[in-house]
A.B. asks: 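Please read through the structure below; I'll follow up with questions.
Throughout, a chain's letter reflects where its sequence line sits, starting with A, and its residues are numbered from 1.
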Protein chains: 2
Amino acid sequence: MLYLVGLGLSDVKDITVRGLEVVKGAKRVYLEAYTSILMAADVSSLEEFYGREVIVADRELVESGSDQILEGAGKDDIVMLVVGDPFGATTHTDLMLRARELEIKTDVVHNASVMNAVGACGVQLYNFGQTVSLVFFTENWRPDSFYDKIMENRRLGLHTLLLLDIKVKEQSLENMARGRLIYEPPRYMDIRTAAEQLLEIEEKREEKCYTPETPCIAISRLGSPTQKFAAATLAEMAEYDSGEPLHSLVILGNRIHELESDYFMQWAINESTLKSALVEDGKLHK
Amino acid sequence: MLYLVGLGLSDVKDITVRGLEVVKGAKRVYLEAYTSILMAADVSSLEEFYGREVIVADRELVESGSDQILEGAGKDDIVMLVVGDPFGATTHTDLMLRARELEIKTDVVHNASVMNAVGACGVQLYNFGQTVSLVFFTENWRPDSFYDKIMENRRLGLHTLLLLDIKVKEQSLENMARGRLIYEPPRYMDIRTAAEQLLEIEEKREEKCYTPETPCIAISRLGSPTQKFAAATLAEMAEYDSGEPLHSLVILGNRIHELESDYFMQWAINESTLKSALVEDGKLHK
């Protein structure tokens with residue numbers, strides 16, 4: 001059997017009781033460690049908590065070595081640990097499909113992910129439109145397709161959850177070209193960078209998808225003991241020090257229920273600025 | 001401290017390790033038992049698993065008795081158990097706001113909910129638009145506001161997750177009028193009823209938001225050992241026996257990635273019908 005087991009958001013103890021039982025009883029346990037990170041745990045703390053070895057599965061292994069991962073899964077239990085919920089990334093759908101081809105049974109232990117835990121910031125999950133990913137801009141690659149998706153949500157008055165890029169075990173172009181397995185230090189997009197990139201594309205496109213006055217909620221270290229929210233305009237977010245990773249950003253839509261604003265107003269960086277921004281921004285996509 | 005603890009989807013063991021610790025150490029533990037149900041567990045099995053008393057909190061208590069729930073939470077730990085993730089329903093936002101007013105500290109233990117676990121059906125979470133609730137029609141009350149929301153999603157090519165009504169501890173109008181605390185048996189909307197209601201409103205509105213040929217995925221008992229998916233047209237769904245509750249329904253949008261259809265095709269009730277339906281439906285919102 002192949003088990004995909006979600007680890008939740010932050011701590012070793014965020015695994016479910018059933019997930020922990022599956023991990024303890026498995027023949028081999030892999031940890032997918034490149035699409036996200038568990039904020040308050042590393043591999044050795046997982047190994048200590050489980051009382052067993054955990055094999056780190058990098059991109060090469062998960063994307064090209066699925067048969068190696070699945071070896072023996074016809075008779076033994078193999079576990080792939082995934083930060084958040086197992087279906088947050090397409091990668092694991094691939095692995096499930098490959099298991100089915102090999103007639104290996106599969107099971108999933110679900111857990112929280114940013115996709116549902118984002119509700120903690122005070123806006124309702126059913127008022128969100130499509131989720132959008134924001135990648136790090138480079139000197140020559142500044143893709144702006146996210147802008148159209150945010151526009152689609154904003155025109156409907158819906159909130160947008162932006163998942164911010166993480167770069168783990170990435171090679172520089174030079175090292176990649178020379179075939180050197182030297183990896184760059186991990187990078188996690190912070191709120192400031194996200195806001196700057198968003199404003200840059202608005203300046204370029206000028207379609208008034210959002211403005212520097214558009215109200216947002218910054219979500220930092222969701223589900224961890226140092227979790228922090230901030231509600232502010234996009235311009236304020238471009239100056240905001242969000243601290244340690246991980247971060248996500250919500251761009252609010254104008255279909256805001258009073259219960260939502262009552263709740264997120266407690267995180268306001270500047271309450272009067274935010275209140276007038278909510279009024280002004282509300283006129284943008286009438 | 002007030003803790004909101006998510007229970008996940010199905011089994012007593014779907015609680016997280018941290019959630020279980022919080023429950024065991026708390027002074028009082030409530031279970032919110034009217035916006036959803038834990039499929040494979042009842043109060044006595046929770047009590048047995050936790051080794052402690054669990055107080056069932058019905059609608060009256062949660063919505064009007066928050067001060068009773070919060071009594072003593074300034075010094076003791078009080079837990080509210082919530083099926084899925086604590087922020088699935090607005091109810092718990094209210095309770096958090098009330099705790100803040102009383103200067104009671106709060107913490108949340110997140111868990112899986114249908115809002116993220118729906119990814120298990122094979123379509124990607126970031127291809128979903130807004131989530132829509134579908135309530136039981138009555139003879140005189142057949143609200144169709146869901147239709148406009150599905151239309152908004154469909155015009156963008158996005159999938160729609162439909163949360164199907166559950167009625168737990170509801171009074172009949174007659175019993176309510178007479179003040180009799182007699183409750184109707186619980187009812188959970190099945191896939192067939194959902195599909196019939198959807199088709200009825202399309203017939204009435206005739207705006208071609210969807211048709212009997214629109215492809216959908218039925219999700220039954222998500223996250224439980226008897227979990228089942230079915231991929232079929234809406235007309236087929238109106239004939240589909242989905243078995244025991246709970247159920248959700250996904251109406252597919254036409255932005256379907258090949259990896260998605262590769263995956264959900266395994267649940268097809270009739271593969272050739274579904275394939276041609278995907279082609280035909282794809283033309284509807286071009």
A.B. asks: Testing the 3.5 Å rule here: is there a donor-acceptor pair between the side chains of B:Thr16 and A:Asp14?
C.D. replies: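 Judged by distance alone, the side chains do not pair up.
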A.B. asks: With a 4.5 angstrom heavy-atom cut-off, which part of A:Arg100 approaches chain B: side chain, backbone, both or neither?
C.D. replies: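 A:Arg100 touches chain B through side-chain heavy atoms alone.
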A.B. asks: Could you tabulate the donor-acceptor pairs under 3.5 Å formed by side-chain atoms of residues 78-86 of chain B, not counting sequence neighbours?
C.D. replies:
| unit_1 | atom_1 | unit_2 | atom_2 | d |
| --- | --- | --- | --- | --- |
| B:Asp85 | OD1 | B:His110 | ND1 | 2.8 |
| B:Asp85 | OD1 | B:Asn111 | N | 3.1 |
| B:Asp85 | OD2 | B:Phe87 | N | 3.2 |
| B:Asp85 | OD2 | B:His110 | ND1 | 3.4 |

A.B. asks: Less than 4.5 Å to any heavy atom of chain B: does that hold for the side chain of A:Leu20, its backbone, both, or neither?
C.D. replies: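 Just the side chain, heavy atoms under 4.5 Å.
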A.B. asks: How about A:Glu103: does its CD atom have over 12 heavy atoms from other parts shown lying under 6.0 Å from it?
C.D. replies: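 Incorrect, the count does not exceed 12.
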A.B. asks: Is chain A contacted by the side chain of B:Leu9, its backbone, both, or neither, given a heavy-atom distance below 4.5 Å?
C.D. replies: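 Contact with chain A is through the side chain of B:Leu9 alone.
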A.B. asks: Which residue out of A:Gly19, A:Pro225, A:Gly119 racks up the most heavy-atom pairs below 4.5 Å with chain B?
C.D. replies: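 Winner by heavy-atom pair count: A:Gly119.
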A.B. asks: Only pairs of heavy atoms separated by less than 4.5 Å count here; which of B:Glu152, B:Met115, B:Lys149 has the most with chain A?
C.D. replies: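 Ranked by heavy-atom pairs under 4.5 Å with chain A, first place is B:Glu152.
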A.B. asks: Are more than 12 heavy atoms, taken from residues, nucleotides or ligands other than B:Glu258, located less than 6.0 Å from that residue's CD atom?
C.D. replies: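 For B:Glu258, atom CD is not crowded (no more than 12 foreign heavy atoms under 6.0 Å).
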A.B. asks: A:Thr93 and B:Gln124: which non-hydrogen atoms are nearest, and at how many Å?
C.D. replies: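 Looks like OG1-NE2, 3.6 Å.
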A.B. asks: Check the pair A:Leu156 / B:Leu156 against side chain to side chain contact (heavy atoms under 4.5 Å, CB included), numbers first and verdict last.
C.D. replies: CA-CA 11 Å; A:Leu156 298 175; B:Leu156 298 175; 3.8 Å; yes
A.B. asks: Go through the atoms of A:Gln266 and report whether side chain, backbone, both or neither lie under 4.5 Å from a heavy atom of chain B.
C.D. replies: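 The side chain, not the backbone.
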A.B. asks: With only heavy atoms counted, which part of B:Tyr263 is less than 4.5 Å from chain A, the side chain, the backbone, both or neither?
C.D. replies: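 Both parts, heavy atoms under 4.5 Å.
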A.B. asks: Counting heavy-atom pairs under 4.5 Å to chain B, which of A:Gly122, A:Ser133, A:Ser113, A:Ala120 comes out on top?
C.D. replies: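 Going by pairs under 4.5 Å, I would pick A:Ala120.
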A.B. asks: Between B:Asp11 and A:Arg18, does any NZ, NE, NH1 or NH2 come within less than 4.0 Å of an OD or OE carboxylate oxygen?
C.D. replies: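 Judged by the 4.0 Å cut-off on N to carboxylate O distance, A:Arg18 and B:Asp11 do not form a salt bridge.
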A.B. asks: What is the minimum heavy-atom distance between A:Leu97 and B:Leu259, and which atoms define it?
C.D. replies: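 So the two residues come closest at CD1-CD1, 4.1 Å.
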A.B. asks: Answer with side chain, backbone, both or neither: which region of A:Leu158 has an atom nearer than 4.5 Å to a non-hydrogen atom of chain B?
C.D. replies: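 For A:Leu158, the side chain is the part near chain B, not the backbone.
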A.B. asks: Around atom CD of A:Glu21, are there more than 12 heavy atoms of other residues, nucleotides or ligands at under 6.0 Å?
C.D. replies: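 Yes, CD of A:Glu21 has more than 12 neighbouring heavy atoms, counting only those of other groups under 6.0 Å.
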A.B. asks: Taking side-chain hydrogen bond (donor to acceptor under 3.5 Å, both in side chains) as the test, write out the residues that go with A:Tyr50, two or more places apart.
C.D. replies: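 Counting only residues at least two positions away or on another chain, A:Tyr50 forms no side-chain hydrogen bond (donor to acceptor under 3.5 Å, both in side chains).
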A.B. asks: I need the single residue from B:Arg255, B:His159, B:Gln130 that forms a side-chain hydrogen bond (donor to acceptor under 3.5 Å, both in side chains) with A:Gln130. Which is it?
C.D. replies: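 It is B:Arg255; the other options fail the test.
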A.B. asks: Counting heavy-atom pairs under 4.5 Å with chain B, which one of A:Gly129, A:Gly6, A:Ala112 comes out on top?
C.D. replies: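 The answer is A:Ala112.
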A.B. asks: Using non-hydrogen atoms only, which part of B:Glu260 is less than 4.5 Å away from chain A: side chain, backbone, both, or neither?
C.D. replies: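 Contact with chain A: none, neither part.
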A.B. asks: Can you find a pair of side-chain heavy atoms, one from A:Leu161 and one from B:Tyr126, that are under 4.5 Å apart?
C.D. replies: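 Heavy-atom side-chain distance check fails, nothing below 4.5 Å.
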